[in-house]
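In what follows, a structure is listed as structure tokens, so that the remarks can point back to it.
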Amino acid sequence: MSEISLQVILQVVFGLVPGERYEQLKQLLSKLLEAITSELYSMQFFFEPLQQNLGPWSPWGQFLQQMAQIDSLIYAEIAERRSHSLDSSRTDILSVLMMARDDSGESLGDQELRDQLMTLLLLGHETTGSALTWAFYWLHQFPECLARLRQELDELGENPDPIALSQSPYLTAVCKEALRVYPIALISQPRKVKRTIELEGYTYQPGTILIPCVYLAHRRPETYENPALFNPDRFLDRKFSASEFLPFGGGSRSCIGMALSMFEMKLVLATVLSSREFVSNLDRPIRPARRGITFVPPDRFRLTVVGDRR
């Protein structure tokens with residue numbers, strides 16, 4: 001799932017198709033993303049004394065070297081695009097950003113383009129891959145849900161229109177329920193109180209930092225009956241508010257990639273489940289594991305292909 005989501009993000013964000021630059025960037029990003037999910041490796045981003053470049057064998061030196069190589073490829077792609085007339089028919093994020101203009105008619109500089117692309121890449125790759133893994137896990141824990149989803153997908157026929165596919169009710173419910181039970185990010189972005197407010201008998205003064213907990217919001221029995229149970233039907237029976245279901249955060253600071261991530265989840269799930277049969281190596285519930293900033297199934301979870309679906 002991580003590999004698939006990386007391929008998607010490279011094409012959607014960078015507009016890259018398989019080729020030399022695509023393969024180089026994919027390999028470098030895979031190594032970087034794998035490294036930064038390690039707890040020991042990621043500590044250096046939070047403690048300045050650890051940020052010592054002692055050569056390529058030191059963690060910080062290795063990180064700087066990796067980033068320099070990635071930046072070189074990104075800036076080369078930007079330079080190549082600038083050397084040609086911008087194609088208004090292209091819909092990848094890099095092309096859209098390069099054509100954008102502010103109120104004074106100015107375009108984004110190379111550094112700004114690079115920063116925007118890296119943000120979308122780093123936050124849109126691992127998160128979507130993890131969410132897909134959860135969806136596959138739950139469907140193979142509950143065969144009746146898998147059978148119901150496949151029936152819905154089969155009714156759409158071969159090679160269904162992607163937009164029509166993304167609007168399939170039960171497929172949508174499965175993706176939402178997977179994101180509800182174990183949201184990829186446990187918390188939303190911190191908020192600073194602007195004026196005195198009262199919540200559940202507590203008074204918060206201006207300047208107080210409040211951090212919404214997505215995980216706990218999704219586990220409230222007042223909102224979700226049997227909250228620990230995977231039950232996609234709950235999203236068919238009612239519509240939850242933005243303060244009850246918030247896997248992508250909420251308000252004006254919610255995740256900018258929400259629509260893309262949901263669309264990608266649906267297409268990948270539908271494509272894979274329509275063509276292959278799997279068996280899970282687990283017959284009992286699992287405990288989530290932390291992977292960088294995400295909340296994912298443990299590495300021991302695996303699905304094995306056991307046949308084709310005709």
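The structure displayed is predicted, hence computed values, not measured ones. By convention here, the first residue in the shown sequence is residue 1.
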Exercise. Given side chains that start at C-beta, do those of E264 and V12 come closer than 4.5 Å, heavy atoms only?
Worked result: no
Exercise. S261 side chain to M258 main-chain N or O, any donor-acceptor pair under 3.5 Å?
Worked result: no
For this session: Could you tell me whether the side chain of V305 reaches within less than 4.5 Å of the side chain of F278, counting heavy atoms only?
Result: yes
Exercise. Applying the 4.5 Å side-chain criterion to the ILVMFWY set and letting contacts propagate, would M265 and I163 be lumped into a single cluster?
Worked result: yes
Exercise. V8 and L267: side chain to side chain contact (heavy atoms under 4.5 Å, CB included), yes or no, with the steps?
Worked result: CA-CA 11 Å; V8 170; L267 293 189; over 6 Å; no
Seminar exercise, completed: Between P298 and I286, the two heavy atoms sitting closest are CD-CD1, 3.4 Å
Exercise. If Ile, Leu, Val, Met, Phe, Trp and Tyr residues are connected whenever their side-chain heavy atoms lie under 4.5 Å apart, and connections chain through other members, are L50 and L54 in the same group?
Worked result: no
Exercise. Do S58 side-chain atoms and G55 backbone N/O form a donor-acceptor pair below 3.5 Å?
Worked result: yes
Exercise. When you measure from the side chain of R180 to the backbone N and O of P227, does any donor-acceptor pair fall under 3.5 Å?
Worked result: yes
Exercise. Is the W138 ring parallel, tilted or perpendicular to the F230 ring (thresholds 30°, 60°)?
Worked result: parallel
Exercise. Do any N or O atoms from the side chain of T172 and from the backbone of Q167 form a donor-acceptor pair under 3.5 angstrom?
Worked result: no
For this session: Write down the atom of L246, the atom of A242, and the distance for their closest heavy-atom approach.
Result: CB-O, 3.6 Å
Problem set entry | CA sep, side-chain torsions, deciding dist, call: S168, K266, side chain to side chain contact (heavy atoms under 4.5 Å, CB included) | CA-CA 9 Å; S168 301; K266 293 174 188 179; over 6 Å; no
Exercise. Hey, are the side chains of R191 and I211 touching, using non-hydrogen atoms and a 4.5 Å cut-off?
Worked result: no
Exercise. In this structure, are over 12 heavy atoms from other groups packed under 6.0 Å from R238 atom CZ?
Worked result: yes
Exercise. Among L113, L108, L97, which residue meets the side chain to side chain contact (heavy atoms under 4.5 Å, CB included) test with I78?
Worked result: L113
Exercise. How long is the span from the CG atom in L32 to the CE atom in M118, to the nearest 0.5 Å?
Worked result: 6.0 Å
Problem set entry | More than 12 heavy atoms of other groups within 6.0 Å of E20 CD | no
Exercise. Does R219 count as lying over the ring of Y182, i.e. NZ or CZ under 6.0 Å from the six-ring centre, within 45 degrees of the axis?
Worked result: yes
For this session: Begin with the C-alpha distance, continue with both residues' side-chain angles, and end with the deciding distance and a verdict on side chain to side chain contact (heavy atoms under 4.5 Å, CB included) for N231 and V181.
Result: CA-CA 9 Å; N231 177 22; V181 182; over 6 Å; no
Problem set entry | Reported CZ-to-CG distance for the pair F301 and L282, which is rounded to 0.5 angstrom | 6.5 Å
Exercise. Side chains of Q116 and E112: is there a donor and an acceptor less than 3.5 Å apart?
Worked result: no
Exercise. Do V279 and F142 belong to the same hydrophobic cluster, where Ile, Leu, Val, Met, Phe, Trp and Tyr are linked whenever their side-chain heavy atoms lie under 4.5 Å apart, directly or via other members?
Worked result: no
For this session: Would you confirm whether R21, through its side chain, and P18, through its main-chain N or O, come within 3.5 Å as a donor-acceptor pair?
Result: no
Problem set entry | Minimal non-hydrogen separation, F240 against T223, with atom names | CE2-O, 3.8 Å
Exercise. Can you list the steps and then say if R234 with E177 is a salt bridge (Lys or Arg N to Asp or Glu O under 4.0 Å)?
Worked result: CA-CA 8 Å; R234 67 177 90 243; E177 180 69 345; 3.0 Å; yes
For this session: Heavy atoms only: give me the nearest Y75-D110 pair and the separation to one decimal.
Result: CE2-O, 3.5 Å
Problem set entry | Donor-acceptor pair, side chain of S72 and main chain of A68, under 3.5 angstrom | no
Exercise. Hey, are the side chains of T196 and P206 touching, using non-hydrogen atoms and a 4.5 Å cut-off?
Worked result: yes
For this session: I would like to know whether Q62 and Q66 meet side-chain hydrogen bond (donor to acceptor under 3.5 Å, both in side chains); could you show each step before the answer?
Result: CA-CA 6 Å; Q62 188 179 68; Q66 286 177 317; 5.2 Å; no
Exercise. Should R148 and E152 be marked as a salt bridge (Lys or Arg N to Asp or Glu O under 4.0 Å) after you check the CA-CA gap, both sets of side-chain angles, and the distance that decides it?
Worked result: CA-CA 6 Å; R148 185 173 169 184; E152 180 182 71; over 6 Å; no
Exercise. Same cluster for V296 and L132 if Ile/Leu/Val/Met/Phe/Trp/Tyr side chains link at under 4.5 Å?
Worked result: no
Exercise. What distance separates M99 CE from R81 CZ, expressed to the nearest 0.5 Å?
Worked result: 9.0 Å
For this session: Would you check if the side chain of E126 reaches a backbone N or O of S2 as a donor-acceptor pair within less than 3.5 Å?
Result: no
Exercise. W60 versus Q51: any side-chain heavy-atom pair under 4.5 Å?
Worked result: yes
For this session: In sequence, state the C-alpha distance, the side-chain angles, and the governing distance for I9 and T128, and then conclude on side chain to side chain contact (heavy atoms under 4.5 Å, CB included).
Result: CA-CA 10 Å; I9 209 82; T128 304; over 6 Å; no
Seminar exercise, completed: Rounded to the nearest 0.5 Å, the CD atom of E144 sits from the CG atom of L139 at a distance of 10.0 Å
Problem set entry | Euclidean distance, L94 CG relative to R114 CZ, rounded to 0.5 Å | 13.5 Å
Exercise. When the ring planes of W134 and Y137 are compared, do they come out parallel, tilted or perpendicular, using 30° and 60° as the limits?
Worked result: perpendicular
Exercise. Is there a donor-acceptor pair closer than 3.5 Å between any side-chain N or O of E277 and the backbone N or O of G307?
Worked result: no
Problem set entry | Check: T304 and N281 side chains under 4.5 Å, non-hydrogen atoms | no
Exercise. Quick one: are K239 and F245 in side-chain contact, heavy atoms under 4.5 Å?
Worked result: no
Problem set entry | Other residues, nucleotides, ligands: >12 heavy atoms within 6.0 Å of E48 CD | no
For this session: Specify the closest pair of heavy atoms between A185 and V214, including all atoms of both residues, with the distance to one decimal.
Result: O-CB, 3.8 Å
Exercise. Within a radius of less than 6.0 Å around CG of D102, do more than 12 heavy atoms belonging to other residues, nucleotides or ligands occur?
Worked result: yes
Exercise. Has the side chain of S5 got a donor or acceptor atom that lies under 3.5 Å from a matching backbone atom of M1?
Worked result: yes
Exercise. Heavy-atom distance under 4.5 Å between the side chains of V174 and C145, does that happen here?
Worked result: no
Exercise. Parallel, tilted or perpendicular: which fits the ring planes of H218 and Y224, with parallel below 30° and perpendicular above 60°?
Worked result: perpendicular
Problem set entry | CD-CZ distance between E225 and R220, expressed to the nearest 0.5 angstrom | 15.0 Å
Exercise. Taking the side chain from H140 and the backbone from F136, do they hold a donor-acceptor pair closer than 3.5 Å?
Worked result: yes
Exercise. Would you say F14 and V96 are hydrophobically clustered, going by side-chain heavy atoms of ILVMFWY under 4.5 Å?
Worked result: no
Problem set entry | Nearest heavy-atom neighbours spanning M98 and S107 | O-CB, 4.4 Å
